[in-house]
Colleague: 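Next up is a structure, given as structure tokens.
We name chains A, B, ... by the order of the sequence lines, and we start the count at 1 in each one.
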Amino acid sequence: MARVVVDVMLKPEILDPQGQAIAQALPRLGFGGVADVRAGKHFVLDVDDDVSEQAVREIADTLLANPVIEDFEVRAE
Amino acid sequence: MARVVVDVMLKPEILDPQGQAIAQALPRLGFGGVADVRAGKHFVLDVDDDVSEQAVREIADTLLANPVIEDFEVRAE
Amino acid sequence: MTFKIESHNHPSYVEPYQGAATGVGGIVRDILTMGARPVAVMDSLRFGRIDAPDTARVLPGVVAGIGGYGNCLGLPNVGGEVYFDDSYAGNPLVNALCVGVMRTDGIKLAKADGPGNHVVLFGARTGGDGIGGASVLASATFDDDGKPAKRPSVQVGDPFTEKLLIECCLAIFAADLVVGIQDLGAAGLSCAITELASAGDVGMRVRLDVVPLRDSSLAPEEILMSESQERMCAVVEPEKLARVLELCERWGVTATAIGEVTDTGRVDIGWHNEQIADLPPRSVAHDGPIYDRPIRRPDDLDALQADSPAVLRRPSTVDELRETLLRMISAPNLAGKRWVTDQYDRYVQGNTALAHPHDAGVIRIDESTGLGVAVATDGNGRYCRLDPYVGAQLALAEAYRNVAACGSRPVAVTDCLNFGSPEDPTVMWQFAETVQGLADGCVELGTPVTGGNVSFYNQTGSTPINPTPVIGMLGVIADVANRVRIGWPEGCRLLLLGSTRDEFGGSEWAWHVHGHLGGRPPTVDLAAERALADVLVGAADAGLLRAAHDLSDGGLAQALVESAIAGCVGASVRLPGDPFVALFSESAARAVVAVDPAEEAAFGDLCAGAGVVCTVLGETGGSMLTVDGVFDVSLDELRAAHKSPLPARFD
Amino acid sequence: MTTVGARVGARVGARVGARVGARVGIVTFPGSLDDRDAMRAVRVAGAEPVSLWHGDADLHDVDAVIVPGGFSYGDYLRAGAIARFAPVMGPLVVAAREGMPVLGICNGFQVLCETHLLPGALVRNVAQRFICRDVPLVVDNAATAWTSAYENGQHIVVPIKNIDGCFVGSKRLLDELEATGRVVVRYADGAPNGSMRDIAGVCNETGTIVGMMPHPEHAIDDLTGPGVGGLGFFTSLVSRLVDA
Ligand SMILES: Nc1ncnc2c1ncn2[C@@H]1O[C@H](COP(=O)(O)OP(=O)(O)O)[C@@H](O)[C@H]1O
């Protein structure tokens, strides 16, 4: 059994209301020095050893991410 | 300017409906071999160079994660 | 009141969630920009076949997007439609309607006045969204060239920013701080400022370098054309500017004075020390091209109309009729839509007196008097395919009837005309017929059209969608406490209003059971619709109606089942005439009402006075729907058949 | 019992409440939606609603506070996560710890959990969808500041409308809540959002702070909601303030 991580982020040119809301809240909470925040998703998959990285990329592309507005990265842990 | 990543995940003992929904959908979409999926959040922060990792941990602990149900990890990119 | 319906079809196909969400955002800003408080939304949806793989992608996304945006704005969703038909595969229709309330002396115009006044841009920061969108999007085909896009092809809505924008605008309106206001839609700032200037017959000087940006790499022309969502532009007198900026600050809305009104009669656009444009506003805002498109009646229409449903095999035995009933109420188009409507907040604002599954949404607008409005949307692409003139009038009549059935007097129309390519002469003919049918029908019903929207190019290759005008009807109700529900109480007399003919052209029965589309749609009789509405509204005012439900798709059978399920009360019914025709014909100008037996005579007088045929159907009560001599079905069985098709497909 | 509660609220309560001038604050955050509805419910129950602004660190001498439903700060990040840090929350948390009655409805419940005034947390519904539905509830604890108009075991119907309404907590926490009577309301026909042990609302140790996902302010009349099943939450508070 292997552990694979998929990080999904909005494409850079797409508006990220979540990230903006967080970035705006930080100074109000007394945290300075944060220029930008982008918010995305983080998935941890436990997969059988015979599941290839290619298969995980396909899962990410069809289910975990919406390729119209999101990019993703896959890495083994 | 440095880039710091914060991953937030539900604690293992907390129900994760989103991860479960994904895990259940996979076989229906023809993807086998995935034993478990956990869903979390992935934040990318652009911070000034003088912002310490400790400061980012504090941000994660007070705002980005809810320590009642979530754990987080911080790493520089 | 102000209300309007608008399409967001193509973006909802590309990215269902965001496309539908930004559709809601856009129509809400249209209402807001009039100076009105938005009070409710509705959505009229069309998808490909329910079992098409793409429907499984598009429908859940669209519904979640409409809910996600509208729920976050705090606008109750009080109704709409969901239809499935192959004709919309690849061309789903997402039409969103918004209703707003304002004082007539508080109407705001999209008009700049008074040289020296400030032009204030407020709301979201400007990004590279939808540049070139207005003209490109509507007709774009997807040629994915694989290159990374510099500019986003899809817009992401930010309902939270829009919610703040709404509250901020309402505070600004309440303090009477603007001369004119305009939302930013297609072609963004360029369109807003030229429209404001040309409507006021003034000039304007605007500086693009002060526009707050989300993407600092934008060139001035891109800032001018950006279609970033959640932005408004207002014209403000100098002494009121500080107050406007203060209110924006209170609501956390970014606001910037980007220029001023001038008396030059020209729009002068600057970027740092450069002049980017200098032109008379009229040339942009008003001098659009005028098309004279060729029109041709579709070649196949005669054959289609000659293909009468009379040849279709009808259920003849009692068992076949029962089986047909269960099959019909579980047809995707007739099945319960709670899978969809449960994703919409219908309670927020605390003024919703009726919402799904009723004939119309009813919203209280004055808590002290109970004054309210009712809104319904309707459209039937199959009828329009068979005869667009008649089909448009049937859609109009159905919306009119739905509003009246809940006890409200229909007063005004908004329309969303969804068609294929206008470059196809046969589509253009359908369009012309539809517009004529609507115009004639509105004159006859006395309901002015206050606004609407046209969506062309809904087609795949050379195959257009069925012509689909969607009609939104607004009604007024003096006291929402008198609104009429569809669910029956026990112990009422059940009456059928109107005349039933053998009409199955374009019907749900012909389509669902036989896959047949041909013949003529049901007859339109707008005088009969008026008479029926007079009875329904008069009886509701007089407190004579215990329940009412209009008859439309699926005919009497569908109406009986919906009412029984809604009220959890059955009925015992005797059918007039041929049972199949009585149950499933889609003749227009009909409704079923429930009245107290003691008030039946008074109600009968009302019908006689209006010349509306009133036939006794039976009595309400029990937990069965019994059709005398034909079948009886338990409410449990009806409910199971009616509610399961959508969850079975999309859960 | 429901009807009794309703009658008390609409008639007697209106008079009594007016005499003592019970003042109930309703917080408005950016993105609050059901604040006006909560004010209406307070008024119908016979008390005076007082609007509290998120940016104003002052409770303006109110006797109790309602944190209403909506999507504060768009519910971006986590429902209630950003609202928790609003200036008004400072004095609110202090007053609540000192025993002032506080009711969190839906988003308000999420805010109170984020603030740790209430235990547990609310995550995405199991079906991953927004759900708006009239749901039957059972009152499990009719001894709180907000539920005394009910009886233990009473059934009421109140709408839910949420997407992050699934109540979660560790097994130990859930056991403790049940053992100490801190489950205030449960879903009677199973939790539509997947809440653990069908929990719809919980309270603090003393029963002054209650949080719940269903919206009682949308069940105060037959015209705009599914009956009057929710009115008792507001009349409970008014009779407590009157008796005090
Ligand atoms: N997309 C939708 N959004 C909101 N309400 C909807 C939607 N689709 C259907 N409804 C509601 O569900 C109910 C049944 O719809 P429908 O079968 O089209 O009714 P009718 O034919 O009487 O207009 C109506 O109350 C309608 O407003």
Colleague: Quick one: what part of I22(B) sits under 4.5 Å from any heavy atom of chain A, side chain, backbone, both or neither?
Modeller: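 Both backbone and side chain of I22(B) come within 4.5 Å of chain A.
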
Colleague: Between D46(A) and R38(B), is there a salt bridge with N-O shorter than 4.0 Å?
Modeller: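 No salt bridge links R38(B) with D46(A).
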
Colleague: Under 4.5 Å from any heavy atom of chain A, what part of E58(B) do you find: side chain, backbone, both or neither?
Modeller: both

Colleague: Which bit of L45(B) is near chain A, if near means a heavy-atom gap under 4.5 Å: side chain, backbone, both or neither?
Modeller: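 Contact with chain A is through both the backbone and side chain of L45(B).
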
Colleague: Would you find a donor on one side and an acceptor on the other, under 3.5 Å apart, between the side chain of K11(B) and the backbone of V68(B)?
Modeller: no

Colleague: Look only at the side chain of D48(A) and the backbone of D50(A), and say whether a donor-acceptor pair between them is shorter than 3.5 Å.
Modeller: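 No.
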
Colleague: Do you know which of V34(A), V56(A), V4(A) has the most heavy-atom pairs with chain B at a distance under 4.5 angstrom?
Modeller: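 Heavy-atom pairs under 4.5 Å are most numerous for V34(A).
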
Colleague: Just by modelled atom types, is the A39(A) backbone N or O under 3.5 Å from a matching donor or acceptor in the D16(A) side chain?
Modeller: yes

Colleague: Among D7(A), L26(A), V8(A), which has the most heavy-atom pairs under 4.5 Å with chain B?
Modeller: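 Of the options given, most contacts go to D7(A).
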
Colleague: So which of L29(B), V44(B), L63(B), V6(B) has the biggest tally of heavy-atom pairs under 4.5 Å with chain A?
Modeller: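 Most heavy-atom pairs within the cutoff with chain A belong to V44(B).
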
Colleague: Got more than 12 heavy atoms from elsewhere within 6.0 Å of CD, E73(A)?
Modeller: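 At most 12 heavy atoms, drawn from other residues, nucleotides or ligands, come within 6.0 Å of this atom.
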
Colleague: Relative to chain A, which segment of V51(B) carries a heavy atom at a distance below 4.5 Å: side chain, backbone, both, or neither?
Modeller: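 Looking at V51(B), just its side chain touches chain A.
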
Colleague: Is chain A contacted by the side chain of F43(B), its backbone, both, or neither, given a heavy-atom distance below 4.5 Å?
Modeller: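 Contact with chain A involves both backbone and side-chain atoms of F43(B).
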
Colleague: Does R28(A) have more than 12 heavy atoms from other residues, nucleotides or ligands lying within 6.0 Å of its CZ?
Modeller: yes

